[in-house]
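Heads up: the structure comes next, in structure tokens.
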Protein chains: 2
Amino acid sequence: MTSSGEQTERATRWLSTEQQRHWRAFRNGVALLMDTLGRELEDESGFSLHEYEVLVRLSEAPDRRMRMSELASGIGHSRSRLTHTIARMEAAGLVQRRTCSSDLRGVDCALTDTGFQRLVEAAPGHVESVRAHLVDVLSDEQLAALGEAMAVVEHRLRETPER
Amino acid sequence: MTSSGEQTERATRWLSTEQQRHWRAFRNGVALLMDTLGRELEDESGFSLHEYEVLVRLSEAPDRRMRMSELASGIGHSRSRLTHTIARMEAAGLVQRRTCSSDLRGVDCALTDTGFQRLVEAAPGHVESVRAHLVDVLSDEQLAALGEAMAVVEHRLRETPER
DNA sequence: ACTGATTCGTTGAACTTTCTACTACACTCG
DNA sequence: CGAGTGTAGTAGAAAGTTCAACGAATCAGT
């Protein structure tokens, strides 16, 4: 809109047949896998994958408590979304909100004993699912390749300032 | 509940440290990647990844039309969800519903010229995103490993009768 | 043909997630 | 100090998804 009028037409660098095949396999496989893991977790323990993730993070935090925003950015949810999720989980007695001592704006979210207990009960079944559909289906090398590739992807995405 | 009372207590086969590391990297990486691709697509073309997927499938179908249920199972959405999605897309003029000639229960979903046009406009940007955050970030071998591993996962999930 | 079971797609309500606006506190710089 | 700017969390409305129930068409068995 400034000087050049039309932005330079650059030919799209389409994916090669192979690349497209792999990308689609990845996309479809991930969707189906996550869907399945989510449904199985839901059936067996009543948690969604998101709630489970919250429980896991809290259980591993010092004192089993964490600030809302840490929790949110850690699992990549919006602050708003986490507020709603935690509200539901608090109503269910899984977590408890406390005012944060060091920063009066902040709120700490603490795992209750009930919440921890329910996580302990849910974990074995979930691990079984992950094994059955991912870990035990692949060779050690394949799993490692998967993990390492996605670590690179994540690292790049986090280091990039923005786009 | 029948004979044995307690079901046999079997020790949970937890993941090894390495396995857990890879599984988490996979989970986090996938979440962040898909999130980013979705947001970029949304910003550039106004489509969600789901809508985009619908457009792609239709554009590749013979006659650019497909039965609702084929479409739904192809992309792994519930029939209900697809109904709602297609309703919105139809209101936006991207697709059109027609009665299916061979089966009066069925409904065919056809891509409109507008829909095809909008897909053509959206595609280059999306491919750029996929390259920037996945394809060009990995070696050919890594991408191939990713695709092949997930193809195995998907295949296993589809062949299993149910769980 | 007739009956019952099944599949197709839709509907509306309940629920979850996203988006936007808002309050309160913290930090910083004159 | 105190005005301006940024950050933490929340709240409610809008958008999207899931769930259960339904009407219509097909299929299988008699």
Would you state whether a donor and an acceptor, one from the side chain of [X] and one from the base of [N], lie under 3.5 Å apart?
X: A/R105; N: D/dT7; result: yes
X: A/S80; N: D/dA11; result: yes
X: A/H84; N: D/dG12; result: yes

Phosphate-side-chain proximity, B/R81 and C/dG9, N/O vs OP1/OP2 below 4.0 Å: no
side-chain N/O A/S69 vs D/dG9 OP1/OP2, d < 4.0 Å: yes
Measuring from atom [atom1] of [X] to atom [atom2] of [Y], what distance do you get when rounded to the nearest 0.5 angstrom?
X: A/E40; Y: A/S45; atom1: CD; atom2: OG; answer: 11.0 Å
X: B/R39; Y: B/L41; atom1: CZ; atom2: CG; answer: 12.0 Å
X: A/R118; Y: A/F47; atom1: CZ; atom2: CZ; answer: 4.0 Å
X: B/T83; Y: B/E90; atom1: OG1; atom2: CD; answer: 11.0 Å
X: B/E128; Y: B/H133; atom1: CD; atom2: NE2; answer: 9.5 Å
X: A/Q117; Y: A/L55; atom1: CD; atom2: CG; answer: 12.0 Å

Value in whole Å for how far the [atom2] atom of [N] lies from [atom1] of [X]:
X: B/E90; N: C/dT10; atom1: CD; atom2: P; answer: 9 Å
X: B/M68; N: C/dT11; atom1: CE; atom2: P; answer: 10 Å
X: A/D108; N: D/dG9; atom1: CG; atom2: P; answer: 8 Å
X: A/H77; N: D/dA8; atom1: NE2; atom2: P; answer: 18 Å
X: B/H50; N: D/dT18; atom1: NE2; atom2: C1'; answer: 13 Å
X: B/F47; N: D/dG16; atom1: CZ; atom2: P; answer: 13 Å
X: A/I86; N: D/dA11; atom1: CD1; atom2: C1'; answer: 16 Å
X: A/M89; N: D/dT10; atom1: CE; atom2: C1'; answer: 18 Å

Sole residue of A/R65, A/R64, A/R98 in salt bridge (charged side-chain N to carboxylate O under 4.0 Å, His left out) with A/D108: A/R65
Sugar-phosphate, base or nothing in reach of B/R97, heavy atoms under 4.0 Å: sugar-phosphate
Sugar-phosphate, base or nothing in reach of B/R67, heavy atoms under 4.0 Å: sugar-phosphate
Nucleotide of D/dG16, D/dT10, C/dT17 approaching B/R88 most closely (side-chain heavy atoms): D/dG16
Closest-nucleotide 5' rank along DNA chain C - winner of A/S48 and A/D103: A/S48
5′-ward residue of the pair A/T85/B/L82 relative to DNA chain C: B/L82
Inter-axis angle, terminal five-pair segments of the helix from C/dA1-D/dT30 to C/dG30-D/dC1 [nearest 10°]: 30°
Any pair counted as salt bridge (Lys or Arg N to Asp or Glu O under 4.0 Å), so long as it reaches residues 47-56 of chain A, sequence neighbours left out: A/E53-A/R57, A/E53-B/R27
